[in-house]
Asks: 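The structure follows.
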Amino acid sequence: MKEQQFALAAIRGSYQRFSDKEKKIADYVLNDPKNIIHLTINQIADELGLAESTIFRFCQRIGFKGFQAFKISLAAEVVAPLKDIHEQIEEGDSVRSVTEKVFRSNINTLEETLQIVDAAAMERAVQAIMKARKTEFFGSGGSAMIAMDGYHKFIRLGLLVSMNLDSHLQLMAASQLQKGDVAIVISHSGSTTDVLDILRVLKEKDVTIICVTNFAKSPLSKDADIALYTISEETDFRSEALSSRIAQLSLIDALYTNLMIARGDEGKSALQDMREAMSQKRL
């Protein structure tokens, strides 16, 4: 079982040690886990007649950072089995069939990720970036390409933003950030050595860390101040990291668009300046 597919097993394994209130929450989750991923913490609290803090502490007791991390893990556990078996790519598939299945897989990834998007976390990310002196993107391997795409978008906002592809330069850049700056760290697993090295430096500098990752129970998720999660599944011909790419790009797009709206006239002016500067590149 993958690290993220942990929620239901954690509840069942700890059930006998739960208080009456915790058992009430556990029973509610176990009775209809698919429904939980569509609810907010206050909706569950109202349904059960409990305080939101009680729900939050329950999630922490079974090993999660909070309700959102718990819901991410639960979504991975209950959404994945719903995947249409006919969408698995097989060696004998035609080019048309493979193409359709790849598109459907990407659509599924987007829909499943949308189900667990935390609007409050997105809002906190927007506010942190708006207040920051500088925003730096970090990512290694395939995630570096997502980070570069983020930089390519965010530079249009008129904010101080940067990104380096080289892992050594990323470490150097991390060491130059200051308290109040923002680091957007993109990593599918949230546990690669490059990410952990950067994470240590960012924590030492007291930088606000926003992560984009697929795993709610990872070192990156644990240490990030704000977490934005994706949901993706592995098939025989596509790794989950490859599938999650489209969801990562969409989260960055959503963050950029929200920032552009929050920037108002300043954002529009910066975008217009960028368009005018780039116009000389067109024939």
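Position 1 is the first residue of the sequence; numbering continues from there.
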Asks: Please check this pair: side chain of T113 against backbone of T109, looking for a donor-acceptor N/O pair closer than 3.5 Å.
Replies: yes
Asks: Flag the pair R200 and E204 as a salt bridge only when some basic side-chain nitrogen lies within less than 4.0 angstrom of an acidic carboxylate oxygen.
Replies: no
Asks: Please report the interatomic distance CG(D197) to OG(S167), rounded to the nearest 0.5 Å.
Replies: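 If I round to the nearest 0.5 Å, the distance is 8.5 Å.
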Asks: Between L271 and Y256, which heavy-atom pair has the shortest distance, and what is it?
Replies: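 Here L271 and Y256 meet closest at CD1-OH, 4.2 Å.
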Asks: Using a 6.0 Å cut-off, check whether atom NE2 of H152 has over 12 heavy atoms from anything other than its own residue.
Replies: no
Asks: Has the side chain of N258 got a donor or acceptor atom that lies under 3.5 Å from a matching backbone atom of A254?
Replies: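 Checked: pair present.
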Asks: What's the spacing between L159 CG and L259 CG if we round to 0.5 Å?
Replies: 7.0 Å
Asks: Check each of R17, R61, R57 against E22 using the side chain to side chain donor-acceptor pair (under 3.5 Å) test, and report the only one that passes.
Replies: R61
Asks: Count the heavy atoms of every other residue, nucleotide or ligand shown that sit under 6.0 Å from CE of M172, and state whether that count exceeds 12.
Replies: no
Asks: Could you tell me which non-hydrogen atom of A173 sits nearest to which non-hydrogen atom of E136, and how far apart they are?
Replies: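 So the minimum-distance heavy-atom pair works out to CB-OE2, 3.5 Å.
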Asks: When hydrophobic residues are tied together by side-chain contacts of less than 4.5 Å, even through go-betweens, does I146 share a cluster with L228?
Replies: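 Yes; tracing contacts between hydrophobic side chains, which count when under 4.5 Å, links both residues.
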Asks: Is there a donor-acceptor pair under 3.5 Å between the side chain of K24 and the backbone N or O of L48?
Replies: yes
Asks: Checking side chain to side chain contact (heavy atoms under 4.5 Å, CB included) for the pair E52/F56: CA distance, chi angles, key distance, verdict?
Replies: CA-CA 6 Å; E52 291 183 24; F56 187 84; over 6 Å; no
Asks: Measuring only between side-chain heavy atoms, which start at C-beta, is K101 closer than 4.5 Å to S97?
Replies: yes
Asks: Taking K65 for the side chain and S221 for the main chain, is one N or O donor matched with an acceptor at less than 3.5 Å?
Replies: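 Present.
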Asks: Got S269 and Q272 here, is their nearest side-chain heavy-atom distance under 4.5 Å?
Replies: no
Asks: Rounded to the nearest 0.5 Å, how far does CG of L220 lie from SG of C211?
Replies: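 So the SG of C211 and the CG of L220 are separated by 4.0 Å.
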Asks: When clusters are formed by joining ILVMFWY residues with side-chain heavy atoms under 4.5 Å apart, either directly or through shared neighbours, do I246 and I186 land in the same one?
Replies: no
Asks: Can any side-chain N or O of T213 pair as donor or acceptor with the backbone N or O of H188 at less than 3.5 Å?
Replies: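 Yes.
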Asks: Do L114 and I37 sit in the same hydrophobic cluster, where Ile, Leu, Val, Met, Phe, Trp and Tyr count as joined when their side-chain heavy atoms come under 4.5 Å apart?
Replies: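 Different clusters.
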Asks: Just so I know, are the side chains of I209 and K203 near enough to count as touching, which here means a heavy-atom distance under 4.5 Å?
Replies: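 Result yes, sub-4.5 Å side-chain heavy-atom pair found.
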Asks: Might you point out which heavy atoms bring A144 and G139 nearest each other, and give the distance in Å?
Replies: CB-O, 3.2 Å
Asks: Pairing donors with acceptors under 3.5 angstrom, does anything connect the side chains of T40 and N42?
Replies: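 Per modelled atom types, T40 and N42 side chains form a pair under 3.5 Å.
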Asks: Counting only heavy atoms not in D265 (residues, nucleotides, ligands), do more than 12 fall under 6.0 Å from its CG?
Replies: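 Count not over threshold, so no.
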Asks: Go through the steps for Y28 and I36 under the test side chain to side chain contact (heavy atoms under 4.5 Å, CB included), then give the verdict.
Replies: CA-CA 9 Å; Y28 185 75; I36 301 299; 3.5 Å; yes
Asks: Counting distance only, does the side-chain N/O of K153 pair as donor-acceptor with the main-chain N or O of T257 below 3.5 Å?
Replies: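 Not confirmed, K153 side chain does not pair with T257 backbone.
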Asks: Are any side-chain N or O atoms of R245 and backbone N or O atoms of G142, one a donor and one an acceptor, separated by less than 3.5 Å?
Replies: no
Asks: Under 30°, 30 to 60°, or over 60°: which ring-plane class applies to Y15 and F18, parallel, tilted or perpendicular?
Replies: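 Answer is perpendicular, since the angle exceeds 60°.
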Asks: In terms of ring plane angle, is the pair F137 and F154 parallel, tilted or perpendicular, where the classes change at 30° and 60°?
Replies: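 Judged by the thresholds at 30° and 60°, the geometry between F137 and F154 is perpendicular.
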Asks: With a 3.5 Å cut-off and no angle check, do the side chains of Q43 and E47 form a donor-acceptor pair?
Replies: no
Asks: For the CE atom of M130 and the CD atom of E266, what is their distance to the nearest 0.5 Å?
Replies: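 So the CE of M130 and the CD of E266 are separated by 7.5 Å.
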Asks: Can I129 and L255 be said to form a side chain to side chain contact (heavy atoms under 4.5 Å, CB included), step by step?
Replies: CA-CA 10 Å; I129 295 169; L255 186 55; 4.0 Å; yes
Asks: Please give me the minimum heavy-atom distance between S244 and N214, naming the atom from each residue.
Replies: CB-OD1, 4.4 Å
Asks: Counting only heavy atoms from other residues, nucleotides and ligands, does the tally under 6.0 Å from NZ of K205 exceed 12?
Replies: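 It does not: K205 NZ has 12 such atoms or fewer within range.
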Asks: Is the NZ atom of K134 crowded by more than 12 outside heavy atoms at less than 6.0 Å?
Replies: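 Enclosed: over 12 neighbouring heavy atoms sit under 6.0 Å from NZ of K134.
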Asks: Please check: side-chain N/O of N164 versus main-chain N/O of Q170, any donor-acceptor pairing under 3.5 Å?
Replies: no
Asks: What distance separates D118 CG from R124 CZ, expressed to the nearest 0.5 Å?
Replies: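 Here the rounded value is 6.0 Å.
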Asks: Could you report the tightest heavy-atom contact between A45 and A51, atom names first, then the distance?
Replies: CB-C, 4.1 Å
Asks: Could you walk me through whether F70 and I11 pass side chain to side chain contact (heavy atoms under 4.5 Å, CB included), step by step?
Replies: CA-CA 11 Å; F70 165 72; I11 292 173; 4.0 Å; yes
Asks: Taking a hydrophobic cluster as the set of Ile, Leu, Val, Met, Phe, Trp and Tyr residues connected by side-chain heavy atoms closer than 4.5 Å, whether directly or through intermediates, do L171 and M148 fall within one such cluster?
Replies: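 Each belongs to a different hydrophobic cluster.
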Asks: Identify the two heavy atoms, one from P33 and one from L8, that lie closest to each other, and give their separation to 0.1 Å.
Replies: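 For P33 and L8, the tightest heavy-atom pair comes out as CB-CD2, 4.1 Å.
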Asks: Rounded to the nearest 0.5 Å, what separation is found between the CD1 atom of I44 and the OG1 atom of T54?
Replies: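 One gets 12.5 Å once the value is rounded to the nearest 0.5 Å.
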Asks: Under a single-linkage definition using a 4.5 Å side-chain heavy-atom cutoff for Ile, Leu, Val, Met, Phe, Trp and Tyr, are M163 and L199 assigned to the same hydrophobic cluster?
Replies: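 As far as the 4.5 Å side-chain criterion goes, L199 and M163 are not connected within one cluster.
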